[in-house]
Each structure stands twice: as C-alpha cells, then as structure tokens.
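The next block holds one structure in the form of structure tokens; read it before the comments.
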4 protein chains.
Amino acid sequence: MTTQRKSLSGTTRRNETSRRAILAAAFELVQEVGYAKLSIEGIAARAGVGKQTIYRWWPSKGAVLFDAFLMLSEQPDSGESALPDTGDLEADLKAVLRATIDELNDPRYDEPMRALNTEITHDPALAALYAERLDGPMRELKKQRLRSAQRAGQLAEDLDLDVAVDMLWGPLLNRWLQRNGALTAEYVDNIVETALNGLRPRH
Amino acid sequence: MTTQRKSLSGTTRRNETSRRAILAAAFELVQEVGYAKLSIEGIAARAGVGKQTIYRWWPSKGAVLFDAFLMLSEQPDSGESALPDTGDLEADLKAVLRATIDELNDPRYDEPMRALNTEITHDPALAALYAERLDGPMRELKKQRLRSAQRAGQLAEDLDLDVAVDMLWGPLLNRWLQRNGALTAEYVDNIVETALNGLRPRH
Amino acid sequence: MTTQRKSLSGTTRRNETSRRAILAAAFELVQEVGYAKLSIEGIAARAGVGKQTIYRWWPSKGAVLFDAFLMLSEQPDSGESALPDTGDLEADLKAVLRATIDELNDPRYDEPMRALNTEITHDPALAALYAERLDGPMRELKKQRLRSAQRAGQLAEDLDLDVAVDMLWGPLLNRWLQRNGALTAEYVDNIVETALNGLRPRH
Amino acid sequence: MTTQRKSLSGTTRRNETSRRAILAAAFELVQEVGYAKLSIEGIAARAGVGKQTIYRWWPSKGAVLFDAFLMLSEQPDSGESALPDTGDLEADLKAVLRATIDELNDPRYDEPMRALNTEITHDPALAALYAERLDGPMRELKKQRLRSAQRAGQLAEDLDLDVAVDMLWGPLLNRWLQRNGALTAEYVDNIVETALNGLRPRH
DNA sequence: CTGTAATCGAGACGGTACGTCAGGTCTTACT
DNA sequence: AGTAAGACCTGACGTACCGTCTCGATTACAG
C-alpha cells in the first residue's frame with residue numbers, strides 16, 4: 001500500500017497515473033460486481049494496467065481497496081478539520097450521525113465500505129492501518145467535540161470518551177453491517193437521546 | 001439451506017449423515033484455514049462427500065456456514081431459555097456481556113463468527129434468515145430481561161428496548177469486528193454503567 | 001446386451017416396452033447429439049426410464065448402441081435373404097455397392113454407424129459380437145454371390161472370397177471412416193472395375 | 001493445434017518445453033489407459049502443466065492427439081523420402097504393406113492410432129488436417145511408387161492411382177479397425193497378389 | 001545526450017477452485 | 001422382482017483468477 005513508497009529518496013519511478021487508475025478501478029468495480037467478485041485481474045483490466053503493477057505495489061486485494069479509501073479521504077474537500085459545535089450537543093450529535101447514515105445509505109459507498117470492513121475483520125494488519133489512518137483521525141474529531149461538551153459540563157466528568165464514541169456510533173455501524181434494521185433519522189435521534197440520558201429513569 | 005428441505009412431505013431422500021458431516025466440516029475448516037481460504041471443495045473433501053451433494057442442498061458457501069451455526073444453536077444444551085434475572089440489572093447485564101465477549105474471544109468461534117458476519121453483510125437474504133433464526137430469538141431473550149427491569153422501574157418507561165439492546169451490544173460487536181480495541185471485562189463494565197447512567201452528568 | 005437375457009427359463013421379468021424405448025432413444029440421440037455427447041443419462045431421460053434399468057441389462061453405452069442396430073437389422077423388411085444375381089457380376093456388384101454408399105451417405109445412419117465403428121474399434125468383445133451377429137451374416141451373403149460367379153467361371157478358381165470381399169468393401173468403408181474423399185457412384189464403379197480386372201494391364 | 005501458432009511474427013510467448021511435454025504425455029497416456037479414459041486433466045498432470053495451457057493452444061483432446069502424431073512424423077529419422085523401388089513391384093508392395101501391419105500390430109501404436117482414427121471419424125475439421133498433414137504426404141509417396149511402375153508398363157495405363165492405393169491399403173485398415181481378422185503377412189501377400197491380378201481369371 | 005536500469009502493458013505459466021455434467025451404485029416407493 | 005426416480009460419491013469438464021514469470025517498449029536518471 002501507499003506506505004511502501006520509497007519515501008526517503010523521494011525518487012520512486014512509480015507511475016502516478018497507473019496508481020490512480022488502479023485505485024479508481026478498484027473502487028468502481030467493488031460497487032459494480034460486489035466484494036466477492038472483485039478480482040485483481042478485473043482491476044488491472046479496468047485500469048488498463050498489467051497485473052504485475054498491482055502486485056508490485058500492494059500486497060493484497062484489501063490493501064488496494066484500503067488505499068482507494070485513503071485517496072478519497074485525502075481529497076481537499078473532505079478535509080473536515082472539526083465537527084460542528086453550536087453549543088447544543090444533542091443537536092450537533094444528531095446532525096453528525098445523520099450525515100454518517102446518509103453516507104452508509106448511499107449506494108455509491110455501501111458496497112465499498114462493506115468490503116473494507118470485511119477486509120479489516122479478517123486482516124489484523126489492515127485493521128491497524130485503518131485505525132491509524134482513517135478511523136483514528138475521525139475518532140479524534142469526535143472526541144474533540146465531546147471533550148468540548150464535557151468542559152461545558154454537559155457530559156459526566158468521569159466519562160470515558162472512547163466508550164462514549166463507541167456507544168453513539170457502534171449501534172449504527174452494527175445495524176448497518178448486520179442489516180438488522182433500517183438506518184433512519186428517527187433511529188439516530190433515538191440513539192443520541194437514549195445515550196445522553198441513559199437507560200435508567202432520570203429522577 | 002435448511003429451509004429448502006421439503007418439510008411438508010417429510011420424505012426427502014436426503015442423507016442426514018452427509019448433512020451433518022458437511023456442516024461439521026465447514027465449521028472446522030473455517031477455524032483452521034480462515035474464511036478467505038474456505039472452499040466448497042475443501043468442505044466436501046473433509047466431509048467425505050461429493051461436491052454435488054453440497055451444491056444440491058445449499059446455494060452458497062455462506063449458506064453452509066450459516067446452517068452450521070444453526071445446527072450448533074439447536075443443540076439441546078445451548079437451549080438458553082432465559083437470561084439471568086437476579087433483580088440486580090447492572091450485575092446481570094455485566095455477566096451476560098462478559099459471557100458474550102468470552103465467546104467472541106474464544107479462538108474456536110472467532111474465525112467462524114467473523115465469516116458469518118461477512119456473509120451476512122454481503123448477502124441480504126442470508127441476513128434476513130439470520131435475523132429470523134439466530135439473532136431474533138437471542139434478541140428476544142435480551143429484551144425480556146430488560147422488560148422485566150422496566151416493569152420494576154429500573155429502566156425508563158418510554159425506553160425503546162431495541163435501541164437499548166443495540167446500545168449495549170453494538171459497541172462490543174463493533175469493536176470486535178473492526179478490531180479497534182480489546183474486549184475486556186473492564187470495557188464491558190464501562191459500557192454497561194455508561195449506558196445505564198447516560199453520558200450526561202446525573203444531577 | 002441382448003445375450004444377457006435369461007433365455008433358458010424364458011420367464012424374465014424384463015419389460016419389453018422399456019427395452020424398445022431405450023434402443024430407440026439411443027439411436028435417435030446419437031444422430032442428434034453425436035457420439036461424443038451420447039450419455040446413458042440422456043438415453044434414460046429420453047426413454048422415460050430409470051438409469052438402473054439400462055445398467056441392469058447392458059454393460060456399456062456401446063452395447064446399447066449395438067443392440068439398437070441389431071433391432072434395426074432384425075426388422076422383417078430388412079431381412080434380405082440374398083444379393084441380386086442377374087448373371088452380370090459387374091453390374092450386380094455395382095448395384096450392391098451403390099446401395100451401401102447410399103446408406104453410409106444417409107444422414108440418419110451416418111453418425112450412428114460411425115459411433116458403432118468407434119465402439120467396435122475400442123472393444124474387442126463388441127467386435128466379436130458384431131462379427132457374429134451383424135457383419136458375419138452380411139458377409140456370408142456377399143460371399144454367396146461371389147461363389148456363384150466363381151462357379152460360373154467369372155472369378156479366379158483359387159480366389160479367397162474373404163479377400164475379395166475386403167477388396168471390394170474395404171476401400172469404401174475406409175474412405176468413409178477417414179473422410180478422405182466423397183463416396184460417389186463413380187468411385188464405386190471404379191473400385192468394382194479395378195478390382196475385377198486387377199491393377200496390372202490385361203494383355 | 002500446431003497451425004494456431006502465430007508463425008508470421010515468430011514471437012509467440014509459447015513455451016516449447018511445455019508443448020513437447022503435453023504431446024508426449026498424451027501419446028503415452030493413450031497407450032496406457034486407452035482412448036476412452038484419456039482426459040485433458042490426466043495429460044496436464046502427467047506433463048506437469050496447468051490445464052489452461054492445454055486449453056490455450058488446442059481446441060480438443062483430439063487435436064492434442066493429432067499434434068502428438070504430427071510431432072512423431074516430423075522426427076528426422078522418420079523422414080521417409082520414398083518407398084523402395086527395386087523394380088519388382090509385387091515384392092516392393094508386399095514389403096511396404098508388411099511394414100504397415102507391423103506398425104498396426106505394435107502395441108505401442110495400436111491404441112494411439114485407433115484413437116486418432118476415432119477422432120478423425122467424428123471431426124471433419126481434424127479429418128481435413130489429417131488428410132493434409134499426415135495422410136496426404138504418405139499417399140503421395142505410395143502413388144509415386146505406383147506411377148513408376150505404371151511408366152514401366154507394370155500397371156494399367158488408365159489406372160486411377162488413388163483407387164489403387166485404396167484397394168491396397170483399404171482392406172488392411174478396415175480389417176484392423178473392425179477387428180475382423182488378424183493382420184498377417186499371408187493376408188497382406190494375398191491382398192497384393194489379388195489386387196494386382198484382379199478377381200477375374202487371367203485367361 | 002546517451003546508456004542503463006527500473007517500470008510499464010501484456011500475457012503465458014503452474015496451480016486451485018469454481019459450478020456443472022455424467023458415470024455407476026444404491027435406496028425408496030410403486031406396480 | 002422389476003421399475004422410475006433420484007440421491008450419492010467420484011472424477012472430469014472447461015472457466016476464472018491466483019501470484020509468478022518473462023517479454024519488448026517506454027522512461028527518467030546518471031554518467
């Protein structure tokens with residue numbers, strides 16, 4: 001994957017055009033034919049590239065797919081530096097989670113993201129990379145917003161922010177991956193409210 | 001899969017011995033070689049069965065795996081009729097969730113369950129079957145326990161029990177699938193406490 | 001094959017209807033799909049018969065085909081008791097050989113007869129049966145006609161009639177099997193004349 | 001088959017070692033297991049080659065077998081430039097025909113040649129190729145010898161040499177293919193003498 | 001400004017597994 | 001007991017991809 005680039009010298013002979021074509025082809029193909037039928041051979045053909053060029057730079061099908069996501073996330077427009085912070089935590093969280101489910105429900109991203117999750121679940125190395133490059137930065141933004149609320153006294157002082165993130169996003173992702181229920185705005189709102197207030201009765 | 005059996009007449013010529021051998025072989029193999037290298041050919045060989053016998057009764061590798069889980073869950077000893085109900089909701093939930101992570105951490109079940117999740121995520125039909133046969137009954141038990149607590153005034157009156165279940169188990173499953181963190185007893189306890197009390201400060 | 005019938009007791013339970021249906025189906029199928037794609041399964045399906053019924057009575061695909069030919073040859077109309085004998089040997093031979101090539105050129109018989117020859121060439125047991133039941137009787141008729149001519153002084157006294165038959169029919173059959181040349185009336189006439197007169201110049 | 005080779009450019013990437021191994025394996029296997037049980041899979045295994053390498057270059061089992069014969073016939077030692085011509089036609093023909101039956105009776109060639117004949121009889125395309133590459137050149141040699149005799153006045157002036165060749169070799173091949181009689185020197189001699197003199201009495 | 005060495009597209013290669021077809025045996029239920 | 005039906009184990013079919021390997025043809029660096 002990308003990290004294989006001989007970054008020290010900075011003088012790799014690598015063909016950037018081919019690299020982009022491969023990642024684009026992988027992303028398109030996984031949408032069209034699904035994860036199970038995605039093949040290196042298919043990617044190479046679609047990208048107009050020799051198979052060896054793929055094997056030279058990526059160790060596995062999953063690594064290509066991963067890099068394809070990395071490329072997407074590095075596009076300037078998606079460089080979200082922070083989550084919205086209007087002061088109204090509940091509203092902000094609902095807005096962010098709704099954006100999340102919009103993405104998960106988008107047919108363009110559905111298959112590719114499922115494929116990525118599949119690769120991660122079966123490949124610890126890829127999972128580590130995912131945690132470092134994609135999930136980690138995103139989680140940091142989420143925790144930032146929660147920390148801000150915590151400082152404002154809107155969240156419990158002893159709250160473990162990682163647990164909080166898991167409790168907000170975990171149910172969503174799980175429902176999406178296991179397909180046991182639609183991802184609707186109502187569901188999201190319900191999750192946010194219930195998470196904030198807790199299962200126990202207040203008072 | 002199982003539902004293909006001509007159950008009405010009850011007179012299929014199906015060989016029950018072969019069926020069991022296939023399901024057992026599938027379950028064992030997915031542990032040994034992993035999901036990616038699990039093959040119908042391998043299952044047939046291990047089960048001492050012709051490939052056609054598999055293709056005759058199951059539409060896909062995933063369907064076989066699914067039936068293997070079904071067979072496990074139908075074993076008399078695993079006929080869990082109810083979750084523990086000592087009156088102490090928090091303790092009961094912690095106990096149950098710890099049992100869950102013990103299973104997820106068990107190397108015998110790790111790979112097979114990841115494989116099952118992978119199949120479900122990529123096959124809506126299988127997902128529906130999973131919801132009906134495996135996840136559904138289990139979720140019902142969980143909701144029963146919560147309902148009991150709700151009646152006892154330990155849970156909010158207007159609480160959506162499905163959301164509650166998602167909020168307790170979702171974080172776990174997600175952490176397990178995405179491999180972003182160890183599934184420890186501390187984590188589980190933290191989840192239970194935080195879910196019950198909510199993210200907001202109490203008073 | 002037919003000889004398996006328990007002829008002594010005369011009280012086989014064998015179903016004559018099925019037998020006929022199988023032979024007919026075999027003969028038809030070999031025309032339609034060719035020898036290579038002729039299958040027991042196909043014959044059984046076409047004949048509306050269980051596979052076991054075929055395996056019970058015939059040892060091989062070739063044996064079925066052979067019996068199909070036997071059935072044809074035993075039809076009353078084809079019970080030719082003798083070859084034409086007008087006194088004009090050359091004319092009679094030409095007439096008979098032309099009838100032979102008409103049969104070989106007939107699309108209804110072409111594939112089945114090639115199939116039969118293939119089976120014979122690869123199965124000595126079948127070849128023996130063929131010699132006894134089909135080729136033998138026919139060859140006897142041919143030799144009868146030649147013997148008649150020999151007595152009339154039209155053929156050499158020391159002529160080996162088997163060799164004579166081979167020399168008249170062999171070239172034809174060989175050209176047909178190896179497909180190296182069309183089987184025309186001219187060719188047949190040429191063979192007859194050349195065989196009768198010999199390759200050497202007369203006088 | 002061979003003719004598929006892109007001979008013009010001369011730059012096929014074809015692996016000559018594999019090609020030879022395949023042809024040799026096919027020839028050996030057909031001897032050992034017989035034509036009916038000859039399989040592409042078996043050839044590939046014996047040759048230490050992937051199945052695709054066979055399917056890439058040959059359209060059928062028969063085509064492989066055919067090329068195997070072609071390879072044999074192209075070996076320098078078998079480059080028979082002419083048939084013996086001692087002036088004694090009868091003796092020369094007997095010698096040549098005896099050599100022919102020696103080959104047909106040779107267990108190393110028996111099965112392979114029957115297999116080749118089977119393929120030819122069921123595949124016109126292969127038959128054409130056979131006529132052009134193997135049978136044609138051989139037939140030309142035979143006709144050369146006969147033409148020489150014809151010029152010497154030993155054969156009828158108006159004799160059709162193709163018919164003559166058929167009449168000499170046809171009976172042999174037919175007897176061999178149909179297995180109705182042993183191929184002995186006596187039989188061969190009888191054929192030659194009878195063919196030369198004709199069936200009719202000489203004076 | 002010209003080797004020269006890495007990269008590229010292409011695709012052959014030895015393999016593994018696919019999903020299908022048929023072989024020959026066996027079992028079941030009907031006649 | 002014979003039969004139609006069809007499940008079963010086996011093994012071959014012909015195809016798709018795997019990951020490795022060569023083959024010229026670019027191509028960009030270094031001398």
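Lettering follows sequence order; numbering is per chain, from 1.
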Residues two or more places apart in sequence or in another chain: which of them pass salt bridge (charged side-chain N to carboxylate O under 4.0 Å, His left out) with A:R108? A:D106

Listed in order of residue number, which residues of residues 111-121 of chain B have a non-hydrogen atom at under 4.0 Å from DNA chain E? none

Quick one: side-chain hydrogen bond (donor to acceptor under 3.5 Å, both in side chains) partners of D:Q52, sequence neighbours excluded? none

From E:dC13, F:dC23, E:dC8, pick the nucleotide closest to the side chain of A:R56? E:dC8

Do the side-chain N or O atoms of D:W57 get closer than 4.0 angstrom to the phosphate oxygens (OP1, OP2) of E:dC13? yes

Within this structure, what is the CD1-to-P distance between A:I43 and F:dC17, rounded to whole angstrom? 11 Å

Results of ring pair (Phe, Tyr, Trp, His ring centres under 6.0 Å) for B:F69 - residues two or more places apart only: B:F27

DNA chain F-proximal residues of residues 24-34 of chain B, any heavy atom under 4.0 Å: none

How would you list, by chain and number, every residue that makes a salt bridge (charged side-chain N to carboxylate O under 4.0 Å, His left out) with D:K61, sequence neighbours excluded? none

Round to the nearest Å and state the distance from D:I54 atom CD1 to F:dA12 atom P. 13 Å

Please name all residues satisfying side-chain contact (heavy atoms from CB on, under 4.5 Å) with B:R46, sequence neighbours left out, ordered by chain then number. B:A25, B:E28, B:L29, B:E32

Partner residues of B:E119 under the side-chain hydrogen bond (donor to acceptor under 3.5 Å, both in side chains) criterion, sequence neighbours left out: B:Y35

D:R13 CZ to F:dT22 P: how many Å, rounded? 12 Å

When the nearest nucleotide of DNA chain E is assigned to D:N15 and to A:N15 on a heavy-atom basis, which residue is associated with the more 5' position? A:N15

How does protein reach along nucleotides 18-23 of chain E, written 5' to 3' as B (base within reach of a heavy atom under 4.0 Å), S (only sugar-phosphate), or - (no contact)? BBBBBB

If you define the side chain from C-beta out and look only at heavy atoms, does anything of C:W57 sit under 4.5 Å from C:R19? no

So, using side-chain contact (heavy atoms from CB on, under 4.5 Å) as the criterion, who are the partners of A:A21 when residues are at least two apart? A:A47

Would you call C:L38 and C:L65 a side-chain contact if the rule is heavy atoms closer than 4.5 Å? yes

Using side-chain contact (heavy atoms from CB on, under 4.5 Å) as the criterion, list what pairs up with B:R114, not counting sequence neighbours. A:T121, A:H122, B:D110, B:E111, B:W176, B:R179

Need to verify one output field. Residue with the more 5' nearest nucleotide on DNA chain F, C:V49 or B:T53? C:V49

Any side-chain N or O of C:S18 under 4.0 Å from OP1/OP2 of F:dG2? no

Can you name the side-chain contact (heavy atoms from CB on, under 4.5 Å) partners of A:I120, sequence neighbours left out? A:L116, A:A127, A:Y130

So for B:R14 and F:dA7, does any side-chain atom that can act as donor or acceptor lie under 3.5 Å from a complementary atom in the base? no

